[in-house]
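As structure tokens, the structure follows; a few thoughts come after it.
Order of the sequence lines sets the chain letters (A, B, ...), proteins ahead of strands, with each chain counted from 1.
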2 protein chains.
Amino acid sequence: MIVDPSADDRLDRAFMALADPVRRRIIARLSRGPATVNELAEPFEITKQAVSKHIQVLEHAGLVTRTRDAQRRPVHLDAAGLEALTAWIDRYRLIHEQQFRNLDALLATDRGTNAAASDAGPTAGPEPEEPRS
Amino acid sequence: MIVDPSADDRLDRAFMALADPVRRRIIARLSRGPATVNELAEPFEITKQAVSKHIQVLEHAGLVTRTRDAQRRPVHLDAAGLEALTAWIDRYRLIHEQQFRNLDALLATDRGTNAAASDAGPTAGPEPEEPRS
DNA sequence: CGTTTAATCAACCATATAGTTGATCAAACA
DNA sequence: TGTTTGATCAACTATATGGTTGATTAAACG
């Protein structure tokens, strides 16, 4: 049993969880409000057990939570989990776009003097590697 | 050989591609500019072949592209691929938040008259299921 | 030409994942 | 108490994934 909720592992599980069309449809359904396993399983051709496993995967990834209501276990979307994903993607997407802006500025002042025009692409610069937080 | 770039399959591959810390670090590196396979492989303990496979996965997922420069094959980030992911996530995250705003509005006017307060959560309403586009 | 460099192809192994069927648990109800 | 309902547990199968080593392609260099 793994008890290491390192940031990397959480991202692993969250991206992996969404890499399945069934689980994405479950998220889509839950975005409109909580639902039970039976309700979630209804639109699919697979067994209820399989859907139950999918929900466990989503829960373990921090994308949904489960409460108790008698013998029912309603599943709720956890929007914070989804937001962590967009945060990760946007970080690098925006860095990439910033690099292009830098390149544009370079080309505007320094008219294609040397490299940069070939394939070096946006300025490589020194290592910011992991812009944590 | 699969030739079906259905929207679902593209999302499958893109999310799956990011569900691996090595590939996420590759994306992080590429956000600062293109790099060759050897450059990308350098920080990792695994073989160059393994990194090459990771890059193929990212390419097949539409997150990077490869060009040619003599015997080198520089890898470039494809920001559009990343954006498709944030678009998917944000869609359902925002629907979910809208539901909560609706619930807040309901509770503000209609003082906890009946259900809704238990576990029914945000308004379930009729089926918008897949808010395509 | 022969060799070095950059990268991929091919075959293989270990592990993880998605699905199944059948049994079990736990609360509600009669 | 006995049964129905909602959901999970357990064991098993097949397929996919991530990694390895070894061979191969392809361009540059001497």
Contact list (N/O, under 3.5 angstrom) for nucleotides 21-26 of chain D vs protein:
residue	atom	partner	partner atom	Å
D/dG22	O6	B/Gln49	NE2	2.8

- [ ] For A/Asp69 and C/dA26, give me the distance from atom CG to atom C1', rounded to whole Å.
- [x] 14 Å

Task: Separation of atom CD1 in B/Ile46 from atom P in C/dA14, rounded to whole Å - done: 19 Å

TODO: Provide the full list of salt bridge (charged side-chain N to carboxylate O under 4.0 Å, His left out) pairs with a residue in residues 76-85 of chain A, sequence neighbours left out, each pair given once.
DONE: none

Under-3.5 Å N/O pairs linking protein and nucleotides 16-18 of chain D:
residue	atom	partner	partner atom	Å
D/dG18	OP1	B/Arg23	NH1	3.0
D/dG18	OP1	B/Arg23	NH2	2.8
D/dG18	OP2	B/Arg23	NH1	3.4

Task: Any B/Asn38 side-chain N or O less than 4.0 Å from OP1/OP2 of C/dA7 - done: yes

Task: Test item: B/Asp9 and B/Asp12 side chains (from C-beta on) under 4.5 Å apart, heavy atoms - done: yes

TODO: Kindly write out the residues that satisfy side chain to side chain donor-acceptor pair (under 3.5 Å) with A/Arg66, not counting sequence neighbours, or none if the list is empty.
DONE: A/Glu59

TODO: To the nearest Å, give me how far apart CG (B/Leu40) and P (C/dA7) are.
DONE: 9 Å

Open item on the list: If the helix axis at each end comes from five base pairs, how far does the helix from C/dC1-D/dG30 to C/dA30-D/dT1 deviate from straight, to 10°?
Closed with: 10°

- [ ] Indicate yes or no for a side-chain donor-acceptor contact from B/Arg73 to the backbone of B/Gln71 under 3.5 Å, with no hydrogens or angles considered.
- [x] yes

Open item on the list: Whole angstroms only, please: what is the CG-P distance between A/Leu58 and D/dT8?
Closed with: 12 Å

TODO: Using whole Å, report how far CD1 of A/Ile26 lies from P of D/dA7.
DONE: 13 Å

- [ ] For a side chain to side chain contact (heavy atoms under 4.5 Å, CB included) with A/Leu58, tell me which candidate from A/Ile27, A/Leu77, A/Thr65, A/Leu30 qualifies.
- [x] A/Ile27

Open item on the list: Under the salt bridge (Lys or Arg N to Asp or Glu O under 4.0 Å) test against B/Asp8, which residue among A/Arg23, A/Arg24, A/Arg25 passes?
Closed with: A/Arg24

TODO: Would you mind reading off the distance between A/Lys48 atom NZ and C/dT20 atom P, rounded to a whole angstrom?
DONE: 13 Å

- [ ] Enter the distance from B/Asp20:CG to A/Leu11:CG here, rounded to the nearest 0.5 Å.
- [x] 12.0 Å

Open item on the list: What is the separation between atom CD on A/Glu45 and atom P on C/dT20, rounded to the nearest whole Å?
Closed with: 10 Å

- [ ] Provide the full list of side chain to side chain donor-acceptor pair (under 3.5 Å) pairs with a residue in residues 34-48 of chain B, sequence neighbours left out, each pair given once.
- [x] none

